[in-house]
Amino acid sequence: MESKDNLSTKLQEYIERDIYPFHMPGHKRMLEGAYQHDITEIDGFDNLNNPKGLLKELNESIARMYGSSASFFTVNGSTCGNLSAISAVTDIGDTIVVARNCHRSVVNAAILRKLNMEYLFPSYLNDYIAGEIPLSEVKKVVESLGNRGIKPKAVVITSPTYEGVVSDIPKISEYLHTRDIPLIVDSAHGAHLHFHSAFPRDYINCIDICIMSAHKTLPVLNQAAMVHVNSRLVDPANVMRYISMYQTSSPSYVIMESMSCALELITEKNFDAYVSKLRDFYKETQTLEKLSLEPISEGRDMGKIVIYTNGYIDGEKLASILRKEYLLELEMYNRHYLLAMTSVMDTAKGFRRLLDALFSVEKTLGEKIYSKNNEKTVKIFQKGKRRTKSGYLSTKFELKPVRECINRISAGIIMAYPPGIPILMPGEFIENDDIIYIEENYKNMEGIVDGKLPVLLDE
(Lines give C-alpha, C1' and ligand atoms only; values in the text may rest on other atoms or scores of the structure.)
Protein backbone atom coordinates (compact mmCIF):
# COMPACT_ATOMS: atom_id res chain seq x y z
CA MET A 1 0.00 0.00 0.00
CA GLU A 2 0.92 3.65 -0.11
CA SER A 3 3.51 4.94 2.31
CA LYS A 4 2.12 7.20 4.98
CA ASP A 5 1.01 10.56 3.67
CA ASN A 6 2.82 13.47 5.30
CA LEU A 7 -0.31 15.32 6.48
CA SER A 8 -0.04 13.94 10.03
CA THR A 9 3.68 14.58 10.19
CA LYS A 10 3.29 18.10 8.85
CA LEU A 11 0.51 18.87 11.34
CA GLN A 12 2.69 17.72 14.23
CA GLU A 13 5.65 19.75 12.98
CA TYR A 14 3.44 22.81 12.68
CA ILE A 15 2.12 22.48 16.24
CA GLU A 16 5.64 22.08 17.63
CA ARG A 17 6.65 25.39 16.05
CA ASP A 18 4.35 27.12 18.57
CA ILE A 19 2.71 29.38 15.98
CA TYR A 20 -0.08 31.38 17.61
CA PRO A 21 -3.45 30.94 15.80
CA PHE A 22 -5.21 34.21 15.00
CA HIS A 23 -7.60 32.17 12.82
CA MET A 24 -10.40 29.60 13.15
CA PRO A 25 -11.40 27.43 14.95
CA GLY A 26 -12.31 29.17 18.17
CA HIS A 27 -10.70 26.66 20.56
CA LYS A 28 -7.32 28.09 19.41
CA ARG A 29 -5.64 24.72 20.08
CA MET A 30 -5.69 25.55 23.79
CA LEU A 31 -7.29 22.18 24.62
CA GLU A 32 -5.68 18.76 24.54
CA GLY A 33 -6.26 15.78 22.27
CA ALA A 34 -7.74 16.16 18.78
CA TYR A 35 -7.98 19.93 19.27
CA GLN A 36 -4.22 20.16 18.71
CA HIS A 37 -4.49 19.06 15.07
CA ASP A 38 -7.77 20.85 14.32
CA ILE A 39 -6.72 23.67 12.03
CA THR A 40 -8.23 25.51 9.07
CA GLU A 41 -6.94 26.16 5.53
CA ILE A 42 -3.82 28.01 6.65
CA ASP A 43 -0.74 28.51 4.50
CA GLY A 44 0.85 25.21 3.44
CA PHE A 45 -2.09 22.95 4.25
CA ASP A 46 -4.04 23.17 0.99
CA ASN A 47 -7.82 23.41 0.47
CA LEU A 48 -9.94 20.24 0.19
CA ASN A 49 -12.48 21.97 -2.06
CA ASN A 50 -9.74 23.11 -4.45
CA PRO A 51 -6.80 20.81 -3.75
CA LYS A 52 -3.47 21.65 -5.37
CA GLY A 53 -0.83 20.39 -2.96
CA LEU A 54 -0.94 18.25 0.15
CA LEU A 55 -4.60 17.23 -0.21
CA LYS A 56 -4.29 16.69 -3.96
CA GLU A 57 -1.59 14.17 -3.08
CA LEU A 58 -4.00 12.48 -0.65
CA ASN A 59 -6.58 12.15 -3.44
CA GLU A 60 -3.94 10.71 -5.74
CA SER A 61 -2.83 8.22 -3.07
CA ILE A 62 -6.42 7.02 -2.68
CA ALA A 63 -6.83 6.72 -6.46
CA ARG A 64 -3.67 4.59 -6.73
CA MET A 65 -4.77 2.44 -3.82
CA TYR A 66 -8.10 1.62 -5.48
CA GLY A 67 -6.92 1.70 -9.09
CA SER A 68 -9.28 4.54 -9.89
CA SER A 69 -8.87 7.11 -12.66
CA ALA A 70 -9.73 9.88 -10.19
CA SER A 71 -10.63 9.88 -6.50
CA PHE A 72 -11.88 12.64 -4.25
CA PHE A 73 -11.78 12.53 -0.47
CA THR A 74 -14.70 14.15 1.35
CA VAL A 75 -15.46 14.88 5.00
CA ASN A 76 -19.25 14.83 4.59
CA GLY A 77 -19.74 11.10 4.24
CA SER A 78 -21.28 9.17 1.36
CA THR A 79 -24.24 11.54 1.59
CA CYS A 80 -22.11 14.26 -0.01
CA GLY A 81 -20.82 11.74 -2.54
CA ASN A 82 -24.28 10.58 -3.59
CA LEU A 83 -25.59 14.14 -3.90
CA SER A 84 -22.57 15.14 -5.97
CA ALA A 85 -22.57 12.07 -8.23
CA ILE A 86 -26.24 12.35 -9.16
CA SER A 87 -26.04 16.12 -9.63
CA ALA A 88 -23.00 15.75 -11.90
CA VAL A 89 -24.85 13.60 -14.46
CA THR A 90 -28.33 15.17 -14.43
CA ASP A 91 -30.14 18.33 -15.35
CA ILE A 92 -33.25 19.57 -13.54
CA GLY A 93 -36.23 17.36 -14.36
CA ASP A 94 -34.29 14.41 -15.80
CA THR A 95 -35.11 10.74 -15.18
CA ILE A 96 -32.88 8.36 -13.25
CA VAL A 97 -33.33 4.69 -12.39
CA VAL A 98 -32.92 4.05 -8.67
CA ALA A 99 -32.88 0.93 -6.52
CA ARG A 100 -35.87 1.11 -4.18
CA ASN A 101 -33.62 0.11 -1.27
CA CYS A 102 -31.34 3.09 -1.80
CA HIS A 103 -30.12 5.39 0.97
CA ARG A 104 -32.12 8.53 1.75
CA SER A 105 -29.33 10.72 0.33
CA VAL A 106 -30.14 9.35 -3.14
CA VAL A 107 -33.76 10.41 -2.65
CA ASN A 108 -32.62 13.82 -1.41
CA ALA A 109 -30.53 14.26 -4.56
CA ALA A 110 -33.57 13.46 -6.69
CA ILE A 111 -35.67 15.96 -4.73
CA LEU A 112 -33.06 18.70 -5.06
CA ARG A 113 -32.72 18.11 -8.82
CA LYS A 114 -36.48 17.52 -9.29
CA LEU A 115 -35.75 14.18 -10.92
CA ASN A 116 -38.21 11.52 -11.92
CA MET A 117 -37.23 8.27 -10.19
CA GLU A 118 -38.01 4.93 -11.79
CA TYR A 119 -37.54 2.12 -9.28
CA LEU A 120 -35.53 -1.07 -9.41
CA PHE A 121 -36.73 -3.68 -6.95
CA PRO A 122 -34.25 -6.02 -5.27
CA SER A 123 -34.57 -9.76 -4.96
CA TYR A 124 -34.76 -11.09 -1.40
CA LEU A 125 -31.95 -12.94 0.34
CA ASN A 126 -34.56 -14.45 2.66
CA ASP A 127 -37.84 -13.39 4.24
CA TYR A 128 -36.31 -10.34 5.91
CA ILE A 129 -33.29 -9.05 3.99
CA ALA A 130 -33.27 -7.38 0.58
CA GLY A 131 -30.79 -8.97 -1.80
CA GLU A 132 -29.15 -8.00 -5.07
CA ILE A 133 -30.53 -5.97 -7.94
CA PRO A 134 -30.82 -8.54 -10.77
CA LEU A 135 -29.59 -7.61 -14.24
CA SER A 136 -33.01 -8.68 -15.57
CA GLU A 137 -34.64 -5.99 -13.40
CA VAL A 138 -32.29 -3.32 -14.77
CA LYS A 139 -33.00 -4.39 -18.35
CA LYS A 140 -36.75 -4.41 -17.78
CA VAL A 141 -36.89 -0.89 -16.38
CA VAL A 142 -34.41 0.68 -18.83
CA GLU A 143 -36.11 -0.90 -21.83
CA SER A 144 -39.55 0.07 -20.57
CA LEU A 145 -38.37 3.67 -20.38
CA GLY A 146 -36.89 3.36 -23.86
CA ASN A 147 -40.23 2.24 -25.23
CA ARG A 148 -41.64 5.52 -23.86
CA GLY A 149 -38.86 7.53 -25.50
CA ILE A 150 -36.99 8.16 -22.25
CA LYS A 151 -33.27 7.57 -21.74
CA PRO A 152 -32.33 7.68 -18.05
CA LYS A 153 -29.37 9.86 -17.18
CA ALA A 154 -28.04 7.26 -14.72
CA VAL A 155 -28.77 4.05 -12.88
CA VAL A 156 -28.13 4.18 -9.12
CA ILE A 157 -27.82 1.03 -7.02
CA THR A 158 -26.47 0.12 -3.60
CA SER A 159 -23.78 -2.58 -3.55
CA PRO A 160 -22.94 -3.91 -1.06
CA THR A 161 -26.13 -3.37 0.89
CA TYR A 162 -26.25 -2.63 4.61
CA GLU A 163 -26.29 -6.39 5.25
CA GLY A 164 -23.44 -6.99 2.81
CA VAL A 165 -25.25 -8.27 -0.29
CA VAL A 166 -23.57 -7.43 -3.61
CA SER A 167 -25.05 -7.13 -7.09
CA ASP A 168 -23.46 -8.31 -10.33
CA ILE A 169 -21.75 -5.03 -11.11
CA PRO A 170 -19.79 -6.15 -14.23
CA LYS A 171 -22.89 -7.43 -16.04
CA ILE A 172 -25.04 -4.44 -15.07
CA SER A 173 -22.27 -2.06 -16.10
CA GLU A 174 -21.66 -3.81 -19.41
CA TYR A 175 -25.35 -3.63 -20.29
CA LEU A 176 -25.69 0.05 -19.36
CA HIS A 177 -22.53 1.08 -21.19
CA THR A 178 -23.85 -0.33 -24.48
CA ARG A 179 -26.52 2.35 -24.06
CA ASP A 180 -24.16 5.08 -22.79
CA ILE A 181 -25.91 5.17 -19.42
CA PRO A 182 -23.58 5.78 -16.45
CA LEU A 183 -23.74 3.49 -13.44
CA ILE A 184 -23.52 5.10 -9.99
CA VAL A 185 -22.91 2.68 -7.13
CA ASP A 186 -23.45 3.65 -3.53
CA SER A 187 -20.78 1.42 -2.03
CA ALA A 188 -20.81 3.17 1.32
CA HIS A 189 -20.37 -0.16 3.08
CA GLY A 190 -17.78 -1.54 0.69
CA ALA A 191 -14.59 0.48 1.19
CA HIS A 192 -12.80 -2.63 2.54
CA LEU A 193 -13.77 -5.10 -0.19
CA HIS A 194 -10.86 -4.07 -2.39
CA PHE A 195 -8.23 -5.38 -0.01
CA HIS A 196 -8.82 -9.13 0.28
CA SER A 197 -9.94 -11.91 -2.06
CA ALA A 198 -12.18 -13.38 0.68
CA PHE A 199 -14.58 -10.49 0.13
CA PRO A 200 -16.73 -9.98 -2.97
CA ARG A 201 -14.82 -7.89 -5.51
CA ASP A 202 -15.73 -4.23 -5.67
CA TYR A 203 -15.24 -4.01 -9.48
CA ILE A 204 -14.53 -0.34 -9.08
CA ASN A 205 -13.09 -0.15 -12.61
CA CYS A 206 -16.56 -1.04 -14.01
CA ILE A 207 -18.36 1.76 -12.17
CA ASP A 208 -18.70 5.26 -13.58
CA ILE A 209 -18.99 6.86 -10.13
CA CYS A 210 -18.46 4.83 -6.96
CA ILE A 211 -19.08 6.31 -3.53
CA MET A 212 -17.50 4.78 -0.42
CA SER A 213 -17.73 5.64 3.26
CA ALA A 214 -14.20 5.08 4.48
CA HIS A 215 -15.38 5.51 8.07
CA LYS A 216 -17.81 2.58 8.00
CA THR A 217 -15.37 -0.27 7.43
CA LEU A 218 -11.87 1.23 7.47
CA PRO A 219 -9.90 2.66 10.44
CA VAL A 220 -10.95 6.23 9.73
CA LEU A 221 -12.92 8.84 11.66
CA ASN A 222 -16.65 9.36 11.11
CA GLN A 223 -17.67 11.30 7.99
CA ALA A 224 -14.59 10.30 5.97
CA ALA A 225 -15.65 9.21 2.48
CA MET A 226 -14.36 8.82 -1.08
CA VAL A 227 -15.78 9.34 -4.56
CA HIS A 228 -14.12 7.38 -7.38
CA VAL A 229 -14.63 8.19 -11.07
CA ASN A 230 -13.81 5.66 -13.82
CA SER A 231 -15.76 6.70 -16.88
CA ARG A 232 -15.74 8.03 -20.41
CA LEU A 233 -19.29 9.22 -19.69
CA VAL A 234 -18.52 11.38 -16.65
CA ASP A 235 -16.18 14.35 -16.29
CA PRO A 236 -14.29 14.08 -12.96
CA ALA A 237 -14.00 17.86 -12.83
CA ASN A 238 -17.77 18.17 -12.85
CA VAL A 239 -18.02 15.69 -9.98
CA MET A 240 -15.51 17.72 -7.99
CA ARG A 241 -17.46 20.88 -8.80
CA TYR A 242 -20.54 19.45 -7.09
CA ILE A 243 -18.55 18.02 -4.18
CA SER A 244 -17.36 21.55 -3.44
CA MET A 245 -21.01 22.70 -3.47
CA TYR A 246 -22.34 20.06 -1.08
CA GLN A 247 -19.29 19.73 1.15
CA THR A 248 -18.62 22.05 4.08
CA SER A 249 -16.33 24.98 3.34
CA SER A 250 -14.58 24.26 6.66
CA PRO A 251 -13.47 20.62 6.32
CA SER A 252 -11.97 18.93 9.37
CA TYR A 253 -8.23 18.38 9.21
CA VAL A 254 -8.60 15.80 11.98
CA ILE A 255 -10.78 13.69 9.66
CA MET A 256 -8.39 14.18 6.76
CA GLU A 257 -5.46 13.23 8.96
CA SER A 258 -7.23 10.02 9.98
CA MET A 259 -7.45 8.97 6.32
CA SER A 260 -3.79 9.78 5.89
CA CYS A 261 -2.92 7.57 8.87
CA ALA A 262 -5.24 4.76 7.72
CA LEU A 263 -3.07 4.17 4.66
CA GLU A 264 -0.51 2.57 6.98
CA LEU A 265 -3.08 0.14 8.42
CA ILE A 266 -4.51 -1.07 5.12
CA THR A 267 -2.01 -3.87 4.62
CA GLU A 268 -2.20 -7.44 3.36
CA LYS A 269 -1.02 -8.70 6.75
CA ASN A 270 -3.74 -6.89 8.65
CA PHE A 271 -6.48 -8.02 6.27
CA ASP A 272 -5.25 -11.62 6.35
CA ALA A 273 -5.55 -11.56 10.14
CA TYR A 274 -9.00 -9.96 9.93
CA VAL A 275 -10.32 -12.60 7.53
CA SER A 276 -8.87 -15.39 9.66
CA LYS A 277 -10.69 -14.09 12.75
CA LEU A 278 -13.94 -13.84 10.82
CA ARG A 279 -13.68 -17.39 9.50
CA ASP A 280 -12.95 -18.74 12.97
CA PHE A 281 -15.99 -16.89 14.33
CA TYR A 282 -18.34 -18.26 11.70
CA LYS A 283 -17.01 -21.77 12.18
CA GLU A 284 -17.59 -21.73 15.93
CA THR A 285 -21.12 -20.32 15.62
CA GLN A 286 -22.23 -23.22 13.43
CA THR A 287 -23.17 -25.16 16.57
CA LEU A 288 -25.73 -22.56 17.67
CA GLU A 289 -29.12 -24.28 17.75
CA LYS A 290 -31.69 -21.50 18.18
CA LEU A 291 -29.88 -18.39 17.09
CA SER A 292 -28.09 -18.54 13.73
CA LEU A 293 -25.93 -16.50 11.37
CA GLU A 294 -26.31 -15.72 7.70
CA PRO A 295 -23.58 -18.02 6.34
CA ILE A 296 -20.52 -17.03 4.38
CA SER A 297 -21.30 -16.96 0.67
CA GLU A 298 -19.73 -15.67 -2.52
CA GLY A 299 -22.30 -12.92 -2.99
CA ARG A 300 -22.14 -11.40 0.48
CA ASP A 301 -19.61 -9.58 2.63
CA MET A 302 -18.91 -11.82 5.62
CA GLY A 303 -17.70 -8.77 7.55
CA LYS A 304 -21.36 -7.97 8.15
CA ILE A 305 -22.42 -10.53 10.77
CA VAL A 306 -26.19 -11.04 10.53
CA ILE A 307 -27.60 -12.81 13.62
CA TYR A 308 -31.10 -14.29 13.25
CA THR A 309 -33.37 -14.68 16.25
CA ASN A 310 -35.48 -17.35 14.47
CA GLY A 311 -38.52 -16.49 16.57
CA TYR A 312 -36.95 -17.48 19.91
CA ILE A 313 -36.42 -13.92 21.12
CA ASP A 314 -37.30 -10.45 19.90
CA GLY A 315 -34.29 -8.79 18.27
CA GLU A 316 -34.67 -5.64 20.35
CA LYS A 317 -34.59 -7.71 23.54
CA LEU A 318 -31.52 -9.62 22.41
CA ALA A 319 -29.74 -6.37 21.58
CA SER A 320 -30.64 -5.04 25.03
CA ILE A 321 -29.28 -8.15 26.75
CA LEU A 322 -26.02 -7.97 24.78
CA ARG A 323 -25.68 -4.29 25.67
CA LYS A 324 -26.57 -4.42 29.37
CA GLU A 325 -25.25 -7.81 30.44
CA TYR A 326 -22.31 -8.33 28.08
CA LEU A 327 -21.35 -4.73 27.22
CA LEU A 328 -21.63 -5.40 23.49
CA GLU A 329 -23.20 -2.68 21.35
CA LEU A 330 -24.34 -3.91 17.95
CA GLU A 331 -24.83 -1.80 14.85
CA MET A 332 -28.52 -2.48 14.27
CA TYR A 333 -31.45 -4.65 15.30
CA ASN A 334 -35.05 -5.32 14.41
CA ARG A 335 -37.49 -8.01 15.42
CA HIS A 336 -35.93 -10.72 13.28
CA TYR A 337 -32.18 -10.12 13.19
CA LEU A 338 -29.26 -8.10 14.49
CA LEU A 339 -26.25 -6.77 12.60
CA ALA A 340 -22.72 -6.73 13.98
CA MET A 341 -20.37 -4.63 11.85
CA THR A 342 -16.73 -5.62 11.82
CA SER A 343 -13.50 -4.19 10.43
CA VAL A 344 -9.80 -4.82 10.16
CA MET A 345 -9.46 -3.30 13.65
CA ASP A 346 -11.60 -5.91 15.43
CA THR A 347 -9.73 -8.10 17.89
CA ALA A 348 -9.84 -11.82 18.60
CA LYS A 349 -10.94 -10.89 22.12
CA GLY A 350 -13.87 -8.91 20.74
CA PHE A 351 -15.03 -11.79 18.55
CA ARG A 352 -14.68 -14.18 21.50
CA ARG A 353 -16.83 -11.92 23.70
CA LEU A 354 -19.61 -11.89 21.10
CA LEU A 355 -19.33 -15.63 20.56
CA ASP A 356 -19.51 -16.43 24.28
CA ALA A 357 -22.44 -14.03 24.74
CA LEU A 358 -24.49 -15.65 21.95
CA PHE A 359 -23.99 -19.13 23.36
CA SER A 360 -24.75 -17.91 26.87
CA VAL A 361 -27.97 -16.16 25.82
CA GLU A 362 -29.06 -19.17 23.77
CA LYS A 363 -29.02 -21.36 26.88
CA THR A 364 -31.73 -19.14 28.38
CA LEU A 365 -34.09 -19.38 25.40
CA GLY A 366 -37.21 -21.53 25.59
CA GLU A 367 -39.78 -22.27 22.92
CA LYS A 368 -40.41 -19.96 19.99
CA ILE A 369 -42.39 -16.84 20.84
CA TYR A 370 -43.52 -16.36 17.25
CA SER A 371 -43.25 -18.15 13.91
CA LYS A 372 -43.94 -17.53 10.24
CA ASN A 373 -47.26 -19.28 10.66
CA ASN A 374 -48.65 -16.69 13.05
CA GLU A 375 -47.24 -13.49 11.65
CA LYS A 376 -47.19 -11.59 8.38
CA THR A 377 -43.76 -11.10 6.88
CA VAL A 378 -43.46 -7.51 5.70
CA LYS A 379 -41.33 -7.04 2.58
CA ILE A 380 -41.14 -3.29 2.22
CA PHE A 381 -39.32 -3.30 -1.13
CA GLN A 382 -41.44 -5.93 -2.86
CA LYS A 383 -42.25 -5.47 -6.55
CA GLY A 384 -45.54 -3.87 -7.44
CA LYS A 385 -46.13 -2.71 -3.89
CA ARG A 386 -45.77 1.02 -4.52
CA ARG A 387 -47.80 3.63 -6.31
CA THR A 388 -46.40 7.12 -6.75
CA LYS A 389 -47.94 10.52 -7.27
CA SER A 390 -45.14 13.01 -6.80
CA GLY A 391 -41.50 12.62 -5.85
CA TYR A 392 -41.04 16.06 -4.31
CA LEU A 393 -41.44 17.47 -0.84
CA SER A 394 -44.51 19.66 -0.42
CA THR A 395 -45.35 22.41 2.05
CA LYS A 396 -49.04 21.44 1.83
CA PHE A 397 -49.18 18.64 4.38
CA GLU A 398 -50.63 17.73 7.75
CA LEU A 399 -49.57 15.42 10.57
CA LYS A 400 -51.83 12.46 11.24
CA PRO A 401 -51.59 9.56 13.74
CA VAL A 402 -49.83 6.59 12.13
CA ARG A 403 -52.90 4.32 12.23
CA GLU A 404 -55.00 6.93 10.40
CA CYS A 405 -52.64 7.18 7.44
CA ILE A 406 -53.50 4.08 5.42
CA ASN A 407 -54.18 5.10 1.79
CA ARG A 408 -52.94 8.64 2.44
CA ILE A 409 -49.92 9.98 0.51
CA SER A 410 -46.62 10.46 2.31
CA ALA A 411 -45.32 14.02 2.39
CA GLY A 412 -41.92 13.10 3.81
CA ILE A 413 -39.12 10.56 3.91
CA ILE A 414 -39.86 7.95 6.58
CA MET A 415 -37.14 5.48 7.50
CA ALA A 416 -35.65 3.26 10.14
CA TYR A 417 -32.23 4.56 11.12
CA PRO A 418 -29.91 2.83 10.84
CA PRO A 419 -29.59 2.17 7.93
CA GLY A 420 -31.49 5.19 6.53
CA ILE A 421 -33.33 3.40 3.71
CA PRO A 422 -36.71 5.05 3.09
CA ILE A 423 -39.75 2.99 4.00
CA LEU A 424 -41.86 5.77 2.50
CA MET A 425 -40.79 8.37 -0.01
CA PRO A 426 -42.61 11.63 -0.73
CA GLY A 427 -45.57 10.92 -2.97
CA GLU A 428 -45.96 7.24 -2.07
CA PHE A 429 -49.25 5.83 -0.91
CA ILE A 430 -49.14 4.50 2.66
CA GLU A 431 -50.23 0.87 2.86
CA ASN A 432 -50.96 -1.49 5.72
CA ASP A 433 -47.54 -3.15 5.42
CA ASP A 434 -45.91 0.25 5.97
CA ILE A 435 -47.90 0.74 9.18
CA ILE A 436 -46.92 -2.72 10.45
CA TYR A 437 -43.25 -2.06 9.72
CA ILE A 438 -43.33 1.39 11.33
CA GLU A 439 -44.95 0.02 14.48
CA GLU A 440 -42.47 -2.88 14.72
CA ASN A 441 -39.49 -0.53 14.36
CA TYR A 442 -40.95 2.58 15.98
CA LYS A 443 -38.00 3.32 18.26
CA ASN A 444 -35.66 3.59 15.28
CA MET A 445 -37.97 5.50 12.92
CA GLU A 446 -37.14 8.96 11.59
CA GLY A 447 -39.53 11.37 9.91
CA ILE A 448 -42.32 10.79 12.44
CA VAL A 449 -43.33 13.71 14.66
CA ASP A 450 -44.88 12.85 18.04
CA GLY A 451 -46.35 9.63 16.71
CA LYS A 452 -47.70 11.27 13.57
CA LEU A 453 -46.82 10.95 9.89
CA PRO A 454 -46.62 13.89 7.45
CA VAL A 455 -49.21 13.30 4.71
CA LEU A 456 -50.27 15.44 1.77
CA LEU A 457 -53.41 17.46 2.25
CA ASP A 458 -56.39 16.11 0.37
CA GLU A 459 -56.99 18.18 -2.74
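No hydrogens, no waters, no symmetry mates; every other heavy atom, side chains included, goes into these values.
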Name all pairs fulfilling the salt bridge (charged side-chain N to carboxylate O under 4.0 Å, His left out) condition that reach into residues 173-202, sequence neighbours left out, sorted by first residue then second. E143-R179, D180-R232
Pairs satisfying salt bridge (charged side-chain N to carboxylate O under 4.0 Å, His left out), at least one member in residues 282-300, at least two apart: E284-R352
If only atom types and distance count, is the side chain of N334 paired as donor or acceptor with the main-chain N or O of Y337 below 3.5 Å? yes
Pairs where residues 85-109 contributes a residue and the test ring-ring contact (aromatic ring centres under 6.0 Å, His included) is met, not counting sequence neighbours: none
Lys/Arg-Asp/Glu bridge criterion (N-O < 4.0 Å) met for K443, E316: yes
Could you state the interatomic distance from CD1 (I86) to CD1 (I96), rounded to the nearest 0.5 Å? 4.5 Å
Run the numbers on Y370 and T309 for side chain to side chain donor-acceptor pair (under 3.5 Å), then give the verdict. CA-CA 10 Å; Y370 62 86; T309 62; 3.3 Å; yes
For I92, give me all partners under side-chain contact (heavy atoms from CB on, under 4.5 Å), at least two apart in sequence or on another chain. R113, K114
So that I can tick it off, tell me whether R335 and E440 are bridged by a salt bridge, with the cut-off set at under 4.0 angstrom between side-chain N and carboxylate O. yes
Sequence-distant partners of T95, side-chain contact (heavy atoms from CB on, under 4.5 Å), two or more places apart: N116, E118, L145, I150
Give a yes or no on whether the ring-centroid distance for Y274 and H196 is below 6.0 angstrom. no
Keeping D356 on the side-chain end and R353 on the backbone end, is there a donor-acceptor pair under 3.5 Å? no
Is a donor on one side and an acceptor on the other found under 3.5 Å between the side chain of T158 and the backbone of T161? no
Please check if the distance between the ring centroids of Y282 and F351 is under 6.0 Å. no
According to ring pair (Phe, Tyr, Trp, His ring centres under 6.0 Å), who are the partners of Y203, at least two apart in sequence or on a separate chain? none
Is the backbone of F121 close enough, under 3.5 Å, to the side chain of E137 for a donor and an acceptor to pair up by distance? yes
Donor-acceptor pair, side chain of N230 and main chain of I204, under 3.5 angstrom: yes
Who are the side-chain contact (heavy atoms from CB on, under 4.5 Å) partners of S173, not counting sequence neighbours? H177, L183, C206
Do any N or O atoms from the side chain of N270 and from the backbone of T267 form a donor-acceptor pair under 3.5 angstrom? no
Would you mind reporting whether C80 and S84 have side-chain heavy atoms less than 4.5 Å apart? yes
Does K277 use its side chain to pair, donor to acceptor, with the backbone of D346 at less than 3.5 Å? yes
With a 4.5 Å cut-off on side-chain heavy atoms, are Y308 and L293 touching? no
Partner set under ring pair (Phe, Tyr, Trp, His ring centres under 6.0 Å) for Y242, not counting sequence neighbours: none
Check the angle between the aromatic planes of H336 and Y128 and answer parallel, tilted or perpendicular using the 30° and 60° thresholds. parallel
In chain order, what residues pass the ring pair (Phe, Tyr, Trp, His ring centres under 6.0 Å) check against Y162, with sequence neighbours excluded? H189
Could you tell me whether Y442 and Y437 have their ring centroids closer than 6.0 angstrom? no
Take the angle between the ring planes of F271 and F199 and call it parallel below 30°, perpendicular above 60°, tilted in between. perpendicular
For Y35, all residues meeting ring pair (Phe, Tyr, Trp, His ring centres under 6.0 Å), sequence neighbours excluded: H27
My understanding is that only residues two or more places apart in sequence, or in another chain, count here; which of them pass salt bridge (charged side-chain N to carboxylate O under 4.0 Å, His left out) with K363? none
For S187, the option from S213, S78, P160 that meets side chain to side chain contact (heavy atoms under 4.5 Å, CB included): P160
Return each pair, listed once, that meets salt bridge (charged side-chain N to carboxylate O under 4.0 Å, His left out) where at least one residue sits in residues 399-425; pairs must be two or more places apart or across chains. E398-R408, K400-E404, R403-E439, R408-D458
R100 with E428: basic N within carboxylate O range, under 4.0 Å: yes
